[in-house]
Each structure stands twice: as C-alpha cells, then as structure tokens.
Amino acid sequence: LKSPPGEAIIRGSMIRSLGLFLLVTFFVSACATVPVAQRERRIDSVIRLVNDGDVEKLVELSSVPFVLDQEIIALEGDVASLWQGLIDAGLAFDDADIRRIDPADATSYREFGDTFEMDVYFQQYLAEDGTIVEIDSDLGGFLLLLGDKQMGYPMIFGLKGPM
Amino acid sequence: MKTLTQAAALGGALFLLSAGPAFAQQADVVYLEGYPELKESSGGRFELDFGDLVRPGDSVVTGRTDYVELEQGTGNTIRVAADTVFTMQEVEEDGETQTVLSTAVGSVAFRFDRITGREPRLATPATVAGIRGTELTVYAGSDGSALFLVDSGLVDVEAAGSMVSLTDGEGVEVPAGGPPGEKFEWLGRELDFSTWNQERIDDFLEDPVAGIQRVRDRLAHFQGEIDRLQPLIREMETQLETERSASQRYFNQRREEEFDRHRLETLLPLARNLRAAKINARYYALSALSLRRFIVGRLYVEVKTAYILNISNPTYLRFQAIYTELLTDFEDSVVPELVAADI
C-alpha cells in the first residue's frame, strides 16, 4: 500500500525534527557532562584574556586563595597585583598550544609542588571539577589550574610557569 | 569508672584554664564594609557579618575594599583596614595565657579604653609590642617591616633584641629583620598605609636576594623556638604518662592522701606545663605560617612578575635558591606542627 503524498511529507518532516531534536539533545547533554574547565574553546577564552591583557576580568575569574607555582596567594589585593604585574611585564601566551587537559586527581598537587600546603589546597580549595591544563607558548610551558565556572569562563585557581 | 572520673577532673581543670581567657578576649563585629572573611582556627572560612564573634585562633581577612570594626570587652576597639590579615593568637607566659593581637599584613588601629586584667600584646611578623592604655595604629608591610604610630598611651616595641618606648604622637619604623629605628614625631604628618607599603616593596625589589634572606632568618627564629620546645614536649608527655600510672597506683591501693598530694603537686603542674609548651609551639608554628603565607607569598608575586620574561637572570636565580631552601626548612620544621585546617 502506498501512503498518500501528504503523509510522506509529514513523516519526512517528523524524521527531520526528530533528528534535530536528537542532535540538540546530544549537544546539550555533552555540554552538561563536560565541565567548562575542560572545554578547549573555554580554555582558549582564558588564554585570550591573558593575551588581551584584560587584568580586570582575570582578577574577577581568579579564585582567592590562588596558587602561583607552589605559593598560595591568600589576599585578593595580592592576586590583583599578580595579574597586573604579569600583564605589565608583557606576559602573553603567543601561539599557545594546548598540550593536555587533565582532570585533577589525588596526586595532581605534585605538579605544582610536592608540599603539604599544595596537597591541602587541592583538597580544600580547588573546585570538584578542578583541571590541569598544560599549554606551550613562545615563552615556554605553563600550567593553568582551572575549575568551576563564572559567566561562561572557567575560574582560574592557579598558574605555574614558565617551566 | 574511677579512672574516668579522675580523667574528667583533670580534663575539667584544663578546660577551665583555657576557657577563661578565651572568653574574655573574644571580639564582636560591630561594623563592617564590603565582604570581609573570618578564617576560623578550625579551618572554616565564611563571610563576616554584624555580631559575629572573633575568637582566639581566628583571623579576619579583608579584601581590597573591605573594612571591619571589632569591639572587645567594654570599650576596646580594633579597626581592620583593607587588604589586611588580623589574627587573635594565644601564648603562655609566666603561667598565664596571654592574648596576642597580630597584624600579619596590612593596617590595624587599636584603641584600648578599659583594659581589665593583663594587657594584650600586639605583634607583626617581626615585632612584638607591649601596651599600656593606648590608642595606636600598626602597619605591617608586605616585606615583613612594621610601623607603629601611637596616638596616646605607652608602647614598647621590640624587634631583633632591641626595644624602643613610644608615647603620645610618636612613631617608629622597624625594618624587616632589623631592630626598631629612631623614633619620630608623626602627628600632623601625612601617612597612609598603601604609600608606605609600596615604598617597602620598591626597596625590597632593589635587592630581592637580601630581602628573602631576611625573611628566611626570621623564619629560622620561629623554627628555633619550635625545635627548642619539641624535645621538652616529648619529655613532658612521657613523664605525664609515668605520673598518671603512679597516680592510678595510689588510687587502686586506696592511698588517698598520697593520691591527692601527687595529683596537686606533680600531675596538675606537669599537665599545665605541657599545655603551655604546646600552646607556645603552636604559636610559633602559626607565626611561621603567617610569615610564609603573607610575606613570602607577596614577595614571591613581586619577584615573579618582575622577572617573568627573564627567568635566567642571576638575581632571580639567587632569589629562587634561597626561596627553595626556605620552603625545605618550612616543610621540615613547621609543617609537622600544622594541620590541614591551618592552611
């Protein structure tokens, strides 16, 4: 039996809608499961903030306390001085290449420093979706410690480098 | 069961010893601006609110635009300015618990109207000051230096083994790691913390190697005190165990008179001394942590930003070498005295 032409058009339209729905569902669920801190495009947006010298935004996105190499910077004013100083000095991740994006685990603190303080910081202050991002740039290798999110950006918990 | 009763009695005595001064020295938040934080001795951090209590062991941490006013007892006022870390600490001295109001970094103004009992001591990472009926401001610089400005009363400022006495309208600057300088008249002069602090940072950057060495020396002082107290604590702990066994023996043998005398003349004084030694070891460990966090942390930021594009510079490498030694010393001597909640 052949279906009337109108019915075929309706069925085709339904299949397209279903396909679109599945695609959107897949995209939305993918976004929901991959933390912002582990999405390459979002990490790029942080790198862009450094390259643009957007101190205000960098300070806004920085967690306090903040990790610099293996030092915990505990004052908001010191974190602001850090970003201002780095940008004034000319820090930029030119030709940055993201080498790896690793969710932080129980031993990740050692990448910043094999110390009691770093161990406690990673357990106590880092967001649950804490992520270590390694980037290569013209200035050398850097580690970014990211996690959580704020206005679509990952928050910055720490910075190490150049290594 | 009886052993438990004895233990409870001893525990109770110790509790009374510690609870008395702690209650007397707590401060209430009577005014605030911005979003200052309270870091509790238990490790909890939360936003301060009107009416919150700041207890010994707690720290008030202010951000760039914050301000906190505390009231202690009947009329003592403590004003904590922006970008400041103010901590209430305890130390044992001559068998009494002494409160130390410590400014790790930043600026705090004090007005002590009616001090009942023993007067508190004021401290910065490198200085201590005794006070008598005083209104003064303490600036604790990012490089470990300090500035004391007295409005009224008497203040004895002590650092590196030297002391200077200040009275109405006098001030003194204490360079990081050094003794107090010459006292000066400050009333009528324009002095603000951020300008003074920036000058200290600029001085530090002139010679960051000497600057970090001074901080390392100060850390060594705290480590020395901890190292001196640790064997004493271990010895007293062993002795206390032995004396507790003796006490238990007297009790089991129903030698009540000997039991009471031993408890009063041996056990309780020993427990008191052990507690004092532990409080003091803890005081030095937390002072070392404060130095590490707020002084070393800020100096590291300054050096890192100054040399970020020139990390093979010899000055930077020398700074890093001393800094690395400082970290090793800290891990070896201070960290064993700390708990996760301190970080």
Side-chain angles (χ1 to χ4, degrees), chain A residues 50 53 55-56 58-60 62-94 109-110 112-126 137-143 158-163, chain B residues 34-37 39 43-45 59 61-66 82-85 104-106 142 194 197-198 201 205 289-290 292-312 320 323-324 326-328 330-332 334-343:
Chain A
V50 175
V55 173
E56 199 178 320
L58 287 165
V59 172
E60 205 176 306
S62 293
S63 154
V64 179
F66 184 91
V67 174
L68 173 64
D69 296 342
Q70 56 187 330
E71 207 53 48
I72 297 175
I73 311 303
L75 292 178
E76 187 189 7
D78 290 350
V79 175
S81 293
L82 168 68
W83 283 117
Q84 189 65 60
L86 290 174
I87 298 303
D88 288 350
L91 177 75
F93 299 133
D94 291 329
Y109 71 91
R110 293 191 181 128
F112 278 77
D114 196 357
T115 64
F116 173 69
E117 286 185 289
M118 280 299 95
D119 187 8
V120 174
Y121 182 90
F122 272 64
Q123 286 181 46
Q124 231 166 247
Y125 296 108
L126 183 60
S137 74
D138 290 353
L139 289 177
F142 286 85
L143 294 181
L159 172 73
K160 182 177 183 178
M163 293 179 292
Chain B
Y35 305 95
E37 277 191 337
K39 184 176 186 294
R45 284 175 83 107
S59 297
V61 183
T62 54
R64 286 183 290 172
T65 54
D66 301 342
D83 271 333
T84 295
V85 179
V105 70
S142 297
S194 52
N197 194 40
Q198 191 54 53
I201 291 170
L205 285 173
L289 175 65
S290 180
R292 163 81 202 276
R293 178 71 70 252
F294 303 110
I295 306 299
V296 177
R298 177 57 190 262
L299 297 182
Y300 193 83
V301 165
E302 292 298 331
V303 171
K304 185 82 184 186
T305 53
Y307 291 92
I308 186 84
L309 301 185
N310 190 13
I311 57 170
S312 53
Q320 279 290 346
Y323 167 77
T324 305
L326 182 151
L327 289 196
T328 307
F330 184 83
E331 283 289 312
D332 292 346
V334 181
V335 162
E337 298 298 315
L338 301 175
V339 294
D342 298 328
I343 303 301

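These numbers were taken from a predicted model, which means no experiment stands behind them. Computed from heavy atoms alone, side chains included, the values below leave out hydrogens, waters and symmetry copies. Note on naming: letters A, B, ... go to the chains in the order of the sequence lines (proteins, then strands), and numbering restarts at 1 for each one.
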By a 4.5 Å heavy-atom criterion (distance strictly below it), what part of [X] contacts chain A: side chain, backbone, both, or neither?
| X | answer |
| --- | --- |
| B/Val334 | neither |
| B/Leu309 | side chain |
| B/Thr62 | backbone |
| B/Tyr307 | neither |

Determine whether more than 12 heavy atoms belonging to other residues, nucleotides or ligands lie under 6.0 Å from atom CD of B/Gln198.
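For B/Gln198, atom CD is crowded (more than 12 foreign heavy atoms under 6.0 Å).
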Distance-minimising heavy-atom pair for [X] and [Y]:
| X | Y | value |
| --- | --- | --- |
| B/Arg298 | A/Ser81 | NH2-OG, 3.6 Å |
| B/Ile308 | A/Ala89 | CG2-CB, 3.6 Å |
| A/Gln124 | B/Ala340 | OE1-O, 3.4 Å |
| A/Asp69 | B/Tyr300 | OD2-OH, 2.5 Å |
| A/Tyr125 | B/Ile343 | OH-O, 2.8 Å |

Given side chains that start at C-beta, do those of B/Thr305 and A/Asp88 come closer than 4.5 Å, heavy atoms only?
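No, side chains not in contact.
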pair B/Tyr35-A/Glu76: side-chain heavy atoms closer than 4.5 Å:
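Heavy-atom side-chain distance check fails, nothing below 4.5 Å.
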B/Arg64: side-chain hydrogen bond (donor to acceptor under 3.5 Å, both in side chains) partners, not counting sequence neighbours:
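B/Arg64 satisfies side-chain hydrogen bond (donor to acceptor under 3.5 Å, both in side chains) with no residue once adjacent residues are dropped.
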How would you list, by chain and number, every residue that makes a side-chain hydrogen bond (donor to acceptor under 3.5 Å, both in side chains) with A/Glu117, sequence neighbours excluded?
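Listed in chain order: B/Arg292, B/Arg293.
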Proximal component of [X], with respect to chain B [non-hydrogen, under 4.5 Å]:
| X | result |
| --- | --- |
| A/Leu68 | both |
| A/Gln70 | both |
| A/Ile73 | side chain |
| A/Leu139 | side chain |
| A/Val59 | side chain |

Between A/Asp119, A/Ile72, A/Leu86, which residue shows the highest count of heavy-atom pairs closer than 4.5 Å to chain B?
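The option with the most such pairs is A/Ile72.
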